[in-house]
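Heads up, the thing below is written out as structure tokens.
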Amino acid sequence: MSGRPAKYDLVSIEDLETSDIERIFDLADIFTEALEAGRSSAVASGLIMATLFYEPSTRTRLSFESAMHRLGGSVISSADMHASSAAKGESLADTVRVVSTYADMIVVRHPYDGAARIAAEYAAVPVINAGDGSREHPTQTLCDLYVLRRKKGHLKGLTVALCGDLKFGRTVHSLIYALARFGANIVAVPYGGMDVPEYVLARVAEESNYGLSTVTIDELKSLAGGLDALYLTPSKPHQMALFTGEMPLERLPAVRPPALLDAFYVTRLQRERFTSGEPSQSAYGHFDARALRTSRTQEAVVMHPLPRTDELDYELDSDPRAVYFEQAAAGVPVRMALIAWMLEQATPPHRRSRLEPPIKFKSEVTPRCPNPSCIGRHEGNYLRPRFRLGRSPNRSLLMLRCDYCERELRVEFVGHTRSRRYYRFDESLYGFVRQWIEEGTLAVFDTVKEAEECDYEPYRRGPQREIMNAPEIARACDSLADQIVADAAEMTSLVIVGVISRGALLAIRLRDLIEARTGFRPPCAALDVCGRETCLITIEGPEQFAVDDRTVVLVDDVINSGWTVQCAMTALWQRGRPAAVKLAVLIDRGHRALPIRPNYIGRSIPTARSERVQVRLTSASEVEKRRAVDRVVLYSMVDALGPIKETEGA
Ligand code: CP
């Protein structure tokens, strides 16, 4: 009997490293050859796979079962999960716990987003996601990549047009994550407005620094027909997301139209996931041989995860470029390879342990996932809502991300569970919210009513007054630039790093002022210390922004507690060994919790801890549109019930 596999769950294609996928493909080559030669294998001899399919399947289920039999293992299954104890209301957690005692691995397909994650958490044996709602289908992606690589010889640099229902198509989502990692160019061609969801774009931007292009069917036709004038701009490029409202689109690099399209990946309309407002089949695109008649597309292969409905013409089937039945056939050797590879793994991976822990909420103030198909909304009370901070680095919005299905929720009102006060969220509260998350004292509410029904009192700002106007801010920036230049021993070793978001805007201004004074334009970067992971983004200068042996001028708008600056310093030192790090702040409030002294101060404005200083800096695009002016306002954090306690704020 083969040894039992380690608890290695395949929930997302991203649970596999690129090297893992390459090893699986090598094994798939071996199994393809063995199957063709009629050779058998005993790799999984004595092992049992359980297949739990809560949704219909032909390819995934039968190819998994065939693969296990071909490896000398056996399969147990419930022919219809509606005839299992699920029909009596048994939870997914209990089902997989029980089945773990009958089988050595579980393959699960489920209609709800995030179900495979739950199965993996509760099962004692490895769980393979065979499709969970509209979220992911990682083993289909293995088949897709395997066939694509076999047809094209490689994956890097290929241009793949994803056509159809990109909103609900789980195979498409896993494929996007994988193609981005393999360095392919993805052109999204949603039919009938079925666009790639925001949460997929955000994830691929964050994890692969990737922004895919989106075109309409008509634009794709122009492109395929040889129109050279069409330029594709990534629809949500990573840099754009990080500089929301502050980086003009024109400054982002345009992407030239691909010389060739290497593959069309067509998908059906996923009717079973419709909620409302989705297109009818007749409004959905129909793919036929005409798409392959242009000079740019004649080498393209046509892929489809199957089953198809009316979106793919049957006349294509005899064309050698139609490879969808090869994708389906690859299901057996690729899934044999996956099982064999799992049996090779001695220890489970620790990819998810890199994530920050989920936010702890007290029961009365727990948010609800907005996704009606989230597993967390269908499994009863044992699955408590679980959230992390959203991926958006824009601090003026508080977004929470459901840990089960990844959908994000915008929070309107936040509360502090000890003071029992609630606030309408705005950017000035971001630091508090981070602190409350760490303390486990964050509450979130959709509405005032909800907050008040939980016995939370409103917090109101005291009167607000302007303490710096635009000319005063400009003078303070001039003073900062003068101080930096006067202090610099060697200008050419200077680099400027601004803390997102106001610090980054100030960094750009200081860079320009320093250039005007010295003729030297220092490299400039923005540092995000509030995202899930800190990141440094070059604004101008070398792509690999170096801090080693440089004098780094770290720029922020206000020094409050010193917490942000301390995080930023730590992040800089993790990236290298600067010769020196000097801190420049527009405003020093004169008190802080941490013993940090700015080197360069624009203006000292003594304030009480119970006051907030809010800086408004106009971005270049706003200046052009004459929409806003720079100003600094001070407001009291005193409400009708008295001053806010120091422990409540940074
Ligand atoms: N491609 C795919 O998942 O097919 P089935 O639904 O038949 O498993």
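Whatever order the structure lists ligands and atoms in, that order sets their numbers, starting from 1.
Checked against a 3.5 angstrom limit, the closest N/O atoms of P307 and ligand 1 fall outside it.
In this structure, L312 CG and L306 CG are separated by 8.0 Å, a value rounded to the nearest 0.5 Å.
Remark: ligand 1 atoms within the under-4.0 Å shell around heavy atoms of R109 are 3 (O), 5 (P), 6 (O), 8 (O).
Of all protein heavy atoms, the one closest to atom 7 (O) of ligand 1 is T58 N, 2.8 Å.
Between the side chains of R203 and S12, a donor-acceptor pair is found at a separation under 3.5 Å. For the residue pair Y8 and D15, no side-chain donor N or O sits within less than 3.5 Å of a side-chain acceptor on the partner.
Residue contacts with ligand 1, taken as heavy atom pairs separated by less than 4.0 Å, involve L306 solely via the backbone atoms N, CA, C and O.
Looking at H137, Q327, R61, R59 and measuring to atom 3 (O) of ligand 1, the nearest heavy atom belongs to H137.
At least one side-chain heavy atom of C402 sits less than 4.5 Å from a side-chain heavy atom of F387.
When all heavy atoms of C163 and Y191 are compared, the closest pair comes out as CB-OH, 3.5 Å.
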